[in-house]
Asker: 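Below is a structure I'd like to ask you about.
All chains are named by letter (A, B, ...) in the order of the sequence lines, taking the proteins before the strands, and each is independently numbered beginning at 1.
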2 protein chains.
Amino acid sequence: MVRRTKEQALATRELLLDTAQQVFLEKGVARATLDDIARAAKVTRGAIYWHFRNKAELFAAMCDRVSLPMQAMLDPLMRETGPDPLGRLKRTTIMVLQLAAEDPRARDVFEIMFFKCDAGNPEIASVLSAEADNKRQCIKELKDSLDAAIAAGQLPAALDSGLAAEALNAFVAGLLQNWLARRDFDLAAQAPVLVDMLFQGFAGLTQTKRPPPSLA
Amino acid sequence: MVRRTKEQALATRELLLDTAQQVFLEKGVARATLDDIARAAKVTRGAIYWHFRNKAELFAAMCDRVSLPMQAMLDPLMRETGPDPLGRLKRTTIMVLQLAAEDPRARDVFEIMFFKCDAGNPEIASVLSAEADNKRQCIKELKDSLDAAIAAGQLPAALDSGLAAEALNAFVAGLLQNWLARRDFDLAAQAPVLVDMLFQGFAGLTQTKRPPPSLA
DNA sequence: TTAGATACATACACGCATGTTTGTAAATCG
DNA sequence: CGATTTACAAACATGCGTGTATGTATCTAA
């Protein structure tokens, strides 16, 4: 058939990613056929095999389209140094939850990664384990932020920052997972209160001086 | 071949469940072939098709073998009424984490349900959605417990018990998920401290009277 | 004791998803 | 303006997993 111009080709690539996302969400990654995706996108499998080597690479590209921008968005926020490390960490945490809940693409991809794909296919497993490495790194940065907050007197020195980092990450992951599975509460709206609950726990018995209340 | 007695048949059924669990863990539910399982169990697919209608039913039976006993264990604990509802809730929460971390069967099945199966197969999805209903019910019971703790003066009345129940459930789920994915900290040992973090947050600014410190 | 049910093993048929190969028209480049 | 590459479509080949049907030796009950 008609050969497309470069921009048109890029457009069909995006179309394929969009369509794959949609089909993966409906049928799950394992049962979603490349032909399912091709037909939904009104092309043939030839188009898919032109842009991607196989289903796993298509899946990986779909994930990257969410995780890479998100990483790029979070990185500067985490490295930013200032007088209110605890407030920054809290606001960033809330932002992540709200972004994941409100951005349709991020929301759907997270739902796919949580519920609609298994680690059976080794190439898919490698994508997931890369994501796990991300998490590991993320937890380290969380610990650094918490240490900074301790140093600034915003959290008690008795707090185990490593454990607290695990707790915070688990809390966010769990909230996202539960909300995606049931959607019976307003995650974006309640995120500040929810995050506050755990941060209150970090502060613990030993109440220390507080920064001015953040409006987030 | 030789026909087995009833007990022998039940034994092969258990063997099939054990083996399926193992194979599912290695290859994922979708890529695990019934023949894989049969060969690992040193039988043929005929044995599997005799005891189960298909892979989905085998999967469901494997899940039930963990979730049913666990439910039976938790139910009386949650219904139990006493003078220290907060302590009971906290101890139960810790118990769930420790059980999931230390019981090999529960641990593996949770890992399968979290990471090694997708909701593509509709019959498998129904098992997972049944699990989601369980969670819904669980959250209601958590809210009841929290309300009881508020009534007993162990938590501030200002606490949104519904949200706190969501938070607690998400926290537990997230901890389990993160620990299963990376296994880089001692969940069973740290469970008390971790759970305390969130419960401290529930107590919040308004410190109220406390029950005698639980030894858990 | 024997007739039937049980607990599998074995064999068969089938669709279906994948990967690859070939075809082709238009775009791009020299 | 021609040659080559691009961006797919179409056709081909193949394996693989499932479900089912059939065989069969033992257990069980009357």
Asker: So, are Lys140(A) and Asp144(A) salt-bridged, with charged N and O less than 4.0 Å apart?
Answerer: no
Asker: dT18(C) C1' sits how many Å from Glu123(A) CD, rounded?
Answerer: 13 Å
Asker: Would one find more than 12 heavy atoms of other residues, nucleotides or ligands at under 6.0 Å from atom CZ of Arg183(A)?
Answerer: yes
Asker: Using a cut-off of 4.0 Å on non-hydrogen atoms, how would the nucleic acid contact of Thr5(A) be classed: base, sugar-phosphate, or nothing?
Answerer: sugar-phosphate
Asker: Would you call Glu123(A)-Arg53(A) a salt bridge at under 4.0 Å N-O?
Answerer: no
Asker: To the nearest 0.5 Å, tell me how far Thr44(A) OG1 sits from Asp35(A) CG.
Answerer: 9.0 Å
Asker: May I have the distance from Leu58(A) (atom CG) to dT18(C) (atom P), rounded to whole angstrom?
Answerer: 11 Å
Asker: Taking CH2 from Trp50(A) and P from dT22(C), how many angstroms apart are they, rounded to a whole number?
Answerer: 16 Å
Asker: Could you tell me the separation between the CG atom of Leu34(A) and the C1' atom of dA9(D), rounded to a whole number of Å?
Answerer: 15 Å
Asker: Ignoring backbone atoms, establish whether Tyr49(B) has a side-chain N or O less than 4.0 Å from OP1 or OP2 of dG19(D).
Answerer: yes
Asker: Among the candidates dA9(D), dC8(C), dG17(D), find the nucleotide nearest to the side-chain atoms of Val43(A).
Answerer: dA9(D)
Asker: Could you tell me the separation between the NZ atom of Lys27(A) and the P atom of dA17(C), rounded to a whole number of Å?
Answerer: 7 Å
Asker: Taking atom C1' of dA9(D) as reference, at what distance in whole Å does atom CD1 of Ile48(A) sit?
Answerer: 13 Å
Asker: As a test of reading the structure: which of dC8(D), dA9(D), dT18(C) is closest to the side chain of Thr44(A), going by heavy atoms?
Answerer: dA9(D)
Asker: Indicate whether OP1 or OP2 belonging to dA7(D) is found under 4.0 Å from a side-chain N or O atom of Thr12(A).
Answerer: no
Asker: Look at the side chain of Ala9(B) and decide which nucleotide, out of dA9(D), dC8(C), dG19(C), has an atom nearest to it.
Answerer: dC8(C)
Asker: Starting from the C-alpha separation in whole Å, work towards a yes-or-no answer on side-chain contact (heavy atoms from CB on, under 4.5 Å) for Leu10(A) and Glu7(A).
Answerer: CA-CA 5 Å; Leu10(A) 253 170; Glu7(A) 11 182 346; 5.5 Å; no
Asker: Distance check needed: dG17(D) C1' versus Lys55(B) NZ, whole Å only.
Answerer: 9 Å
Asker: Please report, rounded to the nearest Å, how far the P atom of dA7(C) is from the CG atom of Leu10(B).
Answerer: 9 Å
Asker: Of the candidate nucleotides dT18(D), dT20(C), dC8(D), which contains the atom at the shortest distance from the side chain of Arg45(A)?
Answerer: dT20(C)
Asker: Does dA7(D) have OP1 or OP2 sitting under 4.0 Å from an N or O in the side chain of His51(A)?
Answerer: no
